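Throughout, a chain's letter reflects where its sequence line sits, starting with A, and its residues are numbered from 1. It should be emphasised that the depicted structure is a prediction, and the values quoted were computed from it without experimental measurement.
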Amino acid sequence: MRDDLTATRFEPAEVEPRISERWLSSGLWHPQPEGDASENYSIAIPPPNVTGSLHMGHALNGSIQDALIRYHRMKSSPSARTKWILGTDHAGIATQAKVEQALAEQGTSRQAIGREAFLERVWEWREHYGGRIIEQFKRLGASCDYAEERFTLDEDYHRAVLEVFVALYRKGYIYRDRYIVNWDPGSRSAISDLEVEEREETDTLYSIVYDLQGGGTVTIATVRPETMLADTAVAVNPDDERYRELVGRSAILPLVGRRLPVIADEYVKSDFATGQLKVTPAHDPNDFEIGIRHELDQISVIGEDGRMTAETGERFAGLTVMQAREAVVQALEQEGRIVAREPYRHSVPYSHRSGERIEPLISLQWFMRMDELAVPAIAAVNDRSVRIVPENHRRVYLEWMENIRPWCISRQLWWGHRLPVYYCQTCERVHVTADTPEGCEACGGELRQEEDVLDTWFSSALWPFAALGWPADTAQLKAFYPTNVLSTARDILFLWVARMIMMGIEFTGRPPFAEVYIHSVIQAPDGRRMSKSLGTGIDPLDEIAAHGADAVRFGLLAMSSTQDVRYSPEKVRQGQALANKLFNAVRFVLGRIDELGLSGMLDGPVDPQPRTVEDRWILSRLQHVKADTAERIEQYDFSHAAFGLYDFVFAELCDWYLEFVKPRLANEGPMDSEEDRRALSATLLHLLRETLALAHPVIPFVTEELWTHLGGQGLLAAERYPIAEERLIDQTAEAQLTQAIDAITLLRGWRDSVGARPGLWIPAHINAEGYEPAMRTAIARLARLELVDDAPGPQRTAAASITIPDGVVEVLSEEGLDLDGARERVARASRKLQSEIDRVKGKLTNQGFIQKAPPAVITAEEAKLERLQSELGAL
RNA sequence: GGGCGCGUAGCUCAGUGGGAGAGCGCUCGCCUCACACGCGAGAGGUCGCAGGUUCGAAACCCGCCGCGCCCACCA
């Protein structure tokens, strides 16, 4: 036996780096851009944040995508190319925040060092830490095209972003506007609606009395008293008879003294509080809309730093919003204007980026109208040219797309794609162009570029084609665009997936992928969200170190489903056990082939040569698992694909088949000619090679390693393996083996019940003509029976008899057996049989059943009754 | 407020019209010449509750209870 197969366990830590090295140096992951996309297979990875490190979501999606990529690479025709498009995302806010934090620790800030120096620092930072997550993907075994790594801020990519911006601007989709936006005081930038997270909170709802000019009062309710300083109206519902005569009059804003018109607007709910509403257009999205309808002034009192502005006077200026709230309440109280306060539960917007509370502010920003782009993107999903799997996400997508709103695309950051917009300092003309202009076209005046950068998702939306070199008409684009599938979690369905579909159709005329697979979100084992801050995170790299990459990949695929799932360490251990089992099965078979002096067979191809029923059976079972695995992978049912492999290897291959053939391998059976041994060795080698190839997409490392031991010349990963072929099922063999397995299991159970020591060979006669002689021998051996050829005659009676399917085993000696122990077992078995018989009888005497059930079902029940009764009789 | 989904063995989950399953855990027995990260044999479930459809329901329909997620501008 080879030296490296003397260990009894598969050692991932020793094997994985070696195999990784072979894969990476093979060039296999880096296909030449040949052929066209209809024959080739490609996946664009969701580009991880350049600052990030591998978390469970990456590990799961990496396992999924790699299983798909490896599966298709192996099953495709020799001329087809398979490519997993790789890259990282510059992740504007996240990356900038990290570098700003580093600067703060050094006692400086981006403002202090300036834009240019700051960007240099970010690039340095990226050089230093940016490659980490890519290295982590390698450890997972992900067969990405590492030779073509992209970055969403690369020069080429930047060019694509500019072209898209300019084109959309010229179409009139992109425009600049003063509008109320979600202002994130944490990152000092506007953010999009999708980056806002609502949290339920309990605040105080204050009721505040405003005087009316000419006498009388109104009472408004608010959870944000500080914003009253920016009130520019009081509103009531036009149908509210109570207040009809108030409309057109004026209220006096307390503390400020401003005159506020009382207006009528449908937005106001008469049944909420008093039905009188303060209107603050500059600090509330709804009030903003009311303000537009009634041409109200927009007075801002909160600045971009989240503090009260100078206009609020020395009493409030500079206070944080929360401080201002207290101060305003106190001031109002002194005037006796607060007439009620009650706890109030409502949702409060927070920034998904910085975690800080959103301040709705009026701000000059760039927006993108989405409704025109949405039309073909809706159609693509409706007509299934983009298929969303599982289907129930279709509606979610469609509903969002049908109600799509303008997207605020500008960010007040420095790290990102700076808008290709140039303002003339002389004539105020605005130039939008992908090529940096020299001066103003109209007046030759000096130009200043827009300070803002684009939302990171704007550039990510171009990923599948920009990563392949668009707008240039590259060979990569021809070969790999559109991609086949996009695999992702559902949290970025709108943020990213929907926008990719829109941009892909707009700029390439085709959706960027044919299918979208939405995978599970993995939660902590206790059901909470996996997060570092909660301390619930599990690091996939720790898991890989402890159990091996194959185990983690198997485990993640096994636990994945169409819902969220809890992380299940047991499934990872199952994967580890599978790798180990394969390792030992190969070790065992190679050892025997070696002992038989047949090691030479490893050097060439082998065809299976079934000689016995069990040979035909295992080859038939292999057909099942091959077809099932292919079907499951193609349907994104990774869990069943993984478990199917596990069950085949453990139960069918190892527990049964290898146990069946052991005597033949040990030269003990009747099949002991040279030719028989060669045939069996060929069958075993074929079986193992097929099994390795089949399991490779799920557990690539161990299968690649063992492939070499089994004589594989090149890489298993490079093998063309037509997985999905027609099923060649041997029903006769399957029926015979099912019967034999049932018989052995029954006999072992009986042994256990009579307290037979495992080492005891019990003399017995198998009285079952339906079984082939060789099969009777095998049954006897696996049940530890010493076969006695002559049946017990009249002069010799059996000590016990055990019913097996289609026969009886007669035990000829009670030595070492406690036959009383079998009684309870028999009693239990007959109770069970009797209750089943009763149930089937009940069915068959039910007139409704007889008259309405399909005849086939009735026949089956009748046959079952007969079988049960004969089994009971035999007991 | 709207939508989606879940509730099956102690745990994590599969099963979606005709015999309740897997892994782990548990019990008993085995270092049986590949594997003790192993092998053999077992125990364990009113399939959330209540109704309905059906000859037949864990599965299909209605309601309820519990849990999760997404979307949504009512101070």
Margin query: Counting only side-chain heavy atoms from C-beta out, which of B:rC37, B:rC35, B:rG3 sits nearest to A:Arg395?
Written below: B:rG3
Margin query: Of the listed nucleotides (B:rA14, B:rC39, B:rA41), which one gets closest to any side-chain atom of A:Arg748?
Written below: B:rA41
Checklist line | Pairwise 5' ranking along RNA chain B for A:Lys852 and A:Lys269, keeping only the more 5' one | finding: A:Lys852
Check: So which nucleotide from B:rC39, B:rC69, B:rC74 ends up closest to the side chain of A:Arg490?
Finding: B:rC69
Next item on the list: Give A:Asp655 one of three labels, base, sugar-phosphate or nothing, depending on what nucleic acid heavy atoms sit under 4.0 Å from its own.
Entry: sugar-phosphate
Margin query: Please give the distance between the C1' atoms of B:rC47 and B:rG17 as a whole number of Å.
Written below: 15 Å
Next item on the list: Using a heavy-atom cut-off of under 4.0 Å over every strand shown, decide if A:Thr562 touches base, sugar-phosphate, or nothing.
Entry: nothing
Note to self: Under 4.0 Å, heavy atoms only, any strand: does A:Phe494 hit a base, just the sugar-phosphate, or nothing?
What the structure shows: sugar-phosphate
Next item on the list: Figure out the NE2/P separation between A:His393 and B:rC71, and round it to whole Å.
Entry: 13 Å
Note to self: On RNA chain B, compare the nucleotides closest to A:Asn846 and A:Ala577; which residue's is nearer the 5' end?
What the structure shows: A:Ala577
Notebook entry, point to check: Think A:Arg395 forms a cation-pi with A:Trp400, using NZ or CZ under 6.0 Å from the six-ring centre and within 45 degrees of its axis?
Noted result: no
Next item on the list: Kindly indicate, with the supporting measurements, whether the criterion salt bridge (charged side-chain N to carboxylate O under 4.0 Å, His left out) is fulfilled by A:Asp526 and A:Arg566.
Entry: CA-CA 7 Å; A:Asp526 62 5; A:Arg566 298 177 183 209; over 6 Å; no
Next item on the list: Side chain of A:His640 only, please: which of B:rC35, B:rA14, B:rG3 is the nearest?
Entry: B:rA14
Note to self: Using a 4.0 Å heavy-atom cut-off, does A:Tyr206 contact any base of the nucleic acid, only the sugar-phosphate backbone, or nothing at all?
What the structure shows: nothing
Next item on the list: Could you grab the distance from atom OG1 of A:Thr222 to atom CG of A:Leu277, nearest 0.5 Å is fine?
Entry: 8.5 Å
Checklist line | Any donor-acceptor N/O pair under 3.5 Å between B:rA34 base and A:Lys662 side chain | finding: yes
Check: Can you find an N or O donor on one side and an acceptor on the other, under 3.5 Å apart, linking the side chain of A:Glu570 with the base of B:rA22?
Finding: no
Notebook entry, point to check: For the ring pair A:Tyr397 and A:Phe494, is the centre-to-centre distance below 6.0 Å?
Noted result: no
Check: Reckon A:Arg757 has a side-chain N or O less than 4.0 Å from the OP1 or OP2 of B:rC30?
Finding: yes
Next item on the list: Among the candidates B:rC70, B:rC35, B:rC13, find the nucleotide nearest to the side-chain atoms of A:Arg566.
Entry: B:rC13
Margin query: Any base atoms under 4.0 Å from A:Gln576, or only sugar-phosphate, or nothing? Heavy atoms, all strands.
Written below: base
Checklist line | Partner nucleotide of B:rC13 by Watson-Crick or wobble geometry (both distances under 3.5 Å) | finding: B:rG21
Note to self: At 4.0 Å (heavy atoms only), tell me whether A:Pro854 reaches a base, stays on the sugar-phosphate, or touches nothing.
What the structure shows: base
Check: When all nucleic acid strands are considered with a 4.0 Å heavy-atom cut-off, which category describes A:Pro758: base, sugar-phosphate, or nothing?
Finding: sugar-phosphate
Check: What's the closest nucleotide to the A:Gln523 side chain, out of B:rA75, B:rG68, B:rC39?
Finding: B:rG68
Note to self: At less than 4.0 Å, is any side-chain N or O atom of A:Lys571 found next to OP1 or OP2 of B:rC11? Yes or no.
What the structure shows: no
Notebook entry, point to check: What's the closest nucleotide to the A:Ala221 side chain, out of B:rG23, B:rC37, B:rA75?
Noted result: B:rA75
Check: Taking atom P of B:rG25 as reference, at what distance in whole Å does atom CZ of A:Arg573 sit?
Finding: 7 Å
Check: Counting any heavy atom closer than 4.0 Å, what does A:Arg405 reach on the DNA or RNA strands: base, sugar-phosphate only, or nothing?
Finding: sugar-phosphate
Notebook entry, point to check: Is it true that a side-chain atom of A:Asp550 and a backbone atom of A:Ala579 form a donor plus acceptor pair closer than 3.5 Å?
Noted result: no
Item checked: Within-4.5 Å side-chain heavy-atom neighbours: A:Arg490 and A:Val521 -> yes
Check: What is the nucleic acid contact for A:Glu861, judged by heavy atoms within less than 4.0 Å: base, sugar-phosphate only, or nothing?
Finding: sugar-phosphate
Next item on the list: Would you classify A:Val396 as touching base, sugar-phosphate or nothing, given that sugar-phosphate means primed atoms plus P, OP1 and OP2, and contacts are heavy atoms under 4.0 Å?
Entry: nothing
Next item on the list: Side chain of A:Glu836 only, please: which of B:rG19, B:rA75, B:rG40 is the nearest?
Entry: B:rG19
Check: A:Gly275 near the nucleic acid: base, sugar-phosphate alone, or nothing, with a heavy-atom cut-off under 4.0 Å?
Finding: base
Check: Taking only N and O in the side chain of A:Tyr267, is any of them less than 4.0 Å away from OP1 or OP2 of B:rA75?
Finding: no
Next item on the list: Write down the partner of B:rC69 under the Watson-Crick or G-U wobble criteria, each distance required to be under 3.5 Å.
Entry: B:rG3
Next item on the list: Measure from the side-chain heavy atoms of A:Asn580 and tell me the nearest of B:rG19, B:rA75, B:rC37.
Entry: B:rC37
Check: Would you say A:Arg751's side chain and A:Ala783's backbone share a donor-acceptor pair under 3.5 angstrom?
Finding: yes
Next item on the list: Look at all strands and tell whether A:Val268 reaches a base, only sugar-phosphate, or nothing, counting heavy atoms closer than 4.0 Å.
Entry: base
Notebook entry, point to check: What's the closest nucleotide to the A:Arg587 side chain, out of B:rA14, B:rG18, B:rA34?
Noted result: B:rA34
Check: Please give, in whole Å, the distance from B:rA75 P to A:Asp231 CG?
Finding: 16 Å
Check: Who is the Watson-Crick or G-U wobble partner of B:rG45, with both distances under 3.5 Å?
Finding: none
Next item on the list: Measure from NZ or CZ of A:Lys571 to the centre of the six-membered ring of A:Tyr646 and say whether it is under 6.0 Å with the direction within 45° of the ring axis.
Entry: no
Margin query: Without decimals, in angstroms, what is the distance between A:Gln574 CD and B:rC11 C1'?
Written below: 14 Å
Margin query: What is the distance, to the nearest angstrom, from the CE atom on A:Met559 to the P atom on B:rG23?
Written below: 16 Å
Item checked: Pairing partner (Watson-Crick or G-U wobble, both distances under 3.5 angstrom) of B:rG38 -> B:rC30
Note to self: Nearest whole Å is fine: how far is B:rC39 C1' from A:Ile744 CD1?
What the structure shows: 14 Å
